[in-house]
Colleague: 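I'd like to ask you about the structure that follows.
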Amino acid sequence: MLKTNSNDDKIETLLSRSQIPIIDLAHTGTDDRPSRSVVNRVAIQLHKALTEKGLALLVNHGICEDKLQSAWSYLDDFCDLPTDVKEVYIRKGDDNHGYVKPGQPKFDGASTPGLRHAYNICTLTAANLPEEPLPGFKDHIAELAHDFKALSSLVLQSLAIALHLRANYFQENHSHMLNGLHENESVLRLLYYPPIIEDDNKCELTKGRCKYSYQRCAMDRLDLDQPDEAVTDGEQHATRNRTNCDYGTFTLLCQDSEGGLEVKLPGSEKWKRVGHLPGSILINTGEILATWSQNTYPALQHRVIIPEQDSVRSRGRHSIAFFCHPDNDVPIEPIVLPSEQPEVEKKPRKSSFKIAKDKVSMAYQAIQRKFRKNYQPN
């Protein structure tokens with residue numbers, strides 16, 4: 001059970017208690033040739049953060065706030081398009097690219113569908129993006145995608161060094177992110193959560209800038225998102241146990257406000273609110289990285305609850321998530337790692353390059369199993 005908080009109450013978070021690692025990425029160098037000393041430092045910090053917490057906040061990451069705000073504005077404009085236009089770009093079948101409308105996905109066998117807008121971007125080809133109804137969308141998203149790929153490349157290089165592998169070990173296994181050739185399932189996801197308005201003890205959603213009613217719920221509790229998104233009722237804030245771990249290598253998350261993100265830290269069964277640091281990007285580990293690292297970096301359990309404050313609940317919220325996945329033909333199997341914590345200044349040991357014999361699955365197979373389970377037909 002979660003206690004009800006008044007608007008004036010301060011929500012205690014990992015951030016407010018200084019319990020979430022913050023990693024400064026300033027002075028990393030160019031995308032192609034990042035500074036070795038900075039990469040080594042980031043490797044040490046990431047290793048400590050992901051082993052102990054499963055997440056960290058990245059600051060001075062090089063992705064400017066204006067780009068994020070513009071992307072959210074494009075998503076708002078897309079949501080305002082006529083239904084028949086939006087249907088052209090709907091996500092279909094095993095292809096994860098496209099618009100995911102409210103009520104389309106049902107996660108993990110749940111009876112209640114998600115009620116948020118999402119646009120999944122797996123390819124930057126113009127034919128698969130709403131460039132005609134939204135001129136400039138493709139170029140802006142392409143530039144933003146480049147920024148997230150560059151940041152992911154830095155993280156992948158740092159993780160390889162932290163695990164005593166060749167610096168480009170993980171980069172080589174993620175070489176086709178967003179290339180449009182169906183060789184990699186990485187996705188840049190734009191998300192919009194409509195405001196929540198209490199009316200006669202029922203919840204009503206309003207659509208962005210529009211004042212008309214968008215959707216009335218048949219119940220007091222709203223299910224706003226994917227399986228990690230447990231929700232609360234307005235009185236007792238009881239949460240459903242619909243939580244998950246991301247199933248890729250790692251996730252990069254930007255939010256425009258405090259969104260109620262909670263996590264279970266490794267080794268703990270208690271939910272902790274993360275908190276919001278403006279301008280930062282949150283990184284959390286996924287199941288594939290947990291498998292690769294023999295759970296050195298455990299996949300982080302997380303969920304999102306509806307914020308208690310009326311001022312937060314009554315306005316729309318945006319986020320952008322970049323789900324970093326390996327190339328489809330990469331075998332997902334444990335890597336033999338040194339037993340001691342790595343010292344990044346030393347050269348990689350040859351034993352680090354030995355691969356465990358028991359193959360788990362190819363990346364594409366593992367990810368598609370999750371997609372088929374989560375995106376159930378209505």
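Excluded from the calculations below are hydrogen atoms, water molecules and symmetry mates; all remaining heavy atoms, backbone and side chain alike, are included. None of these values were measured; they are calculated from a predicted model.
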Colleague: Which heavy atom of Ala145 sits nearest to which heavy atom of Leu178, and what is that distance?
Modeller: CB-CD1, 3.6 Å
Colleague: Please give me the minimum heavy-atom distance between Gly316 and Pro195, naming the atom from each residue.
Modeller: N-CG, 3.4 Å
Colleague: Pair Phe148, Cys254 - check side chain to side chain contact (heavy atoms under 4.5 Å, CB included), show working.
Modeller: CA-CA 11 Å; Phe148 274 97; Cys254 308; 3.7 Å; yes
Colleague: Which atom names give the shortest non-hydrogen contact between Trp72 and Gln255, and what distance separates them?
Modeller: CH2-C, 3.9 Å
Colleague: Using the side-chain contact (heavy atoms from CB on, under 4.5 Å) rule, pick out the option among Ile283, Leu46, Leu55, Thr285 that qualifies with Phe250.
Modeller: Ile283
Colleague: I'd like to check Phe78 versus Tyr89 (side-chain heavy atoms, cut-off strictly below 4.5 Å). Are they in contact?
Modeller: yes
Colleague: Taking all heavy atoms of Phe170 and all of Ala160, pick out the closest pair and write down the distance.
Modeller: CD1-N, 3.6 Å
Colleague: Within the distance-only criterion (no hydrogens, no angle test), does the side chain of Ser268 pair as donor or acceptor with the backbone N or O of Lys264 below 3.5 angstrom?
Modeller: no
Colleague: What distance do Ile23 atom CD1 and Ser280 atom OG have between them, rounded to the nearest 0.5 Å?
Modeller: 11.5 Å
Colleague: Quick one: CD on Gln171 to CE on Met177, what's the gap to the nearest 0.5 Å?
Modeller: 8.5 Å
Colleague: Determine the minimum heavy-atom distance between Pro130 and Phe137, stating which atoms define it.
Modeller: CD-CE2, 3.6 Å
Colleague: Is a donor on one side and an acceptor on the other found under 3.5 Å between the side chain of Asp147 and the backbone of Ile63?
Modeller: no
Colleague: Donor-acceptor pair, distance only, cut-off 3.5 Å: does the side chain of Asp329 make one with the backbone of Glu183?
Modeller: no
Colleague: Side chains of Leu154 and Val39: closer than 4.5 Å at any heavy-atom pair?
Modeller: yes
Colleague: So, His47 side chain and Leu163 main chain: donor-acceptor pair closer than 3.5 Å or not?
Modeller: no
Colleague: Checking the side chain of His140 only, and the main-chain atoms of Gly136 only, is there a donor and an acceptor separated by less than 3.5 Å?
Modeller: no
Colleague: Looking only at heavy atoms, what is the nearest atom pair of His61 and Gly279, with distance?
Modeller: NE2-O, 2.7 Å
Colleague: Got Leu50 and Thr296 here, is their nearest side-chain heavy-atom distance under 4.5 Å?
Modeller: no
Colleague: Distance only, no hydrogens: is a donor on one side chain within 3.5 Å (strictly under) of an acceptor on the other, for Asn184 and Asn179?
Modeller: no
Colleague: Do you see a donor-acceptor pair shorter than 3.5 Å between the side chains of His325 and Tyr247?
Modeller: no
Colleague: With the side chain counted from C-beta on, respond yes when Tyr192 and Leu190 share a heavy-atom pair under 4.5 Å apart, and no when they do not.
Modeller: no
Colleague: Please list, chain by chain and in numerical order, all residues satisfying side chain to side chain contact (heavy atoms under 4.5 Å, CB included) with Thr123, sequence neighbours excluded.
Modeller: His97, Thr125, Asn128
Colleague: Any heavy-atom pair between the side chains of Trp292 and Thr249 that's under 4.5 Å?
Modeller: yes
Colleague: Tell me every residue that passes salt bridge (charged side-chain N to carboxylate O under 4.0 Å, His left out) with Lys149, counting only those two or more places apart in sequence or in another chain.
Modeller: none
Colleague: Would you say the side-chain atoms of Asn328 pair up with the backbone N or O of His182, donor to acceptor, closer than 3.5 Å?
Modeller: yes
Colleague: Out of curiosity, Phe323 CZ to Leu188 CG, how far, rounded to the nearest 0.5 Å?
Modeller: 9.5 Å
Colleague: Output yes when a side-chain donor or acceptor of Ser319 lies under 3.5 Å from a complementary backbone atom of Leu191, and no otherwise.
Modeller: no
Colleague: Would you give the length of the straight line joining atom CD1 of Ile22 to atom CG of Leu57, rounded to the nearest 0.5 angstrom?
Modeller: 5.5 Å
Colleague: Using side-chain heavy atoms (C-beta onward) and a distance below 4.5 Å, is His318 in contact with Asp76?
Modeller: yes
Colleague: So, do Asp246 and His302 sit near enough that their side-chain heavy atoms are less than 4.5 Å apart?
Modeller: yes
Colleague: Can you check whether Ala118's main-chain N or O pairs, donor with acceptor, with Arg91's side chain at less than 3.5 Å?
Modeller: no
Colleague: Just verifying a value: how many Å separate Ile161 CD1 and Arg41 CZ, rounded to the nearest 0.5 Å?
Modeller: 12.5 Å
Colleague: Could you tell me the separation between the OG atom of Ser186 and the NE2 atom of His174, rounded to the nearest 0.5 Å?
Modeller: 6.5 Å
Colleague: Closer than 4.0 angstrom, basic N to acidic O: yes or no for Glu12 and Arg17?
Modeller: yes
Colleague: Quick check: do Leu252 and Ser152 have side-chain heavy atoms less than 4.5 Å from each other?
Modeller: yes
Colleague: Taking Leu81's backbone N and O only, do any of them form a donor-acceptor pair with Lys86's side chain (distance below 3.5 Å, no angle check)?
Modeller: yes
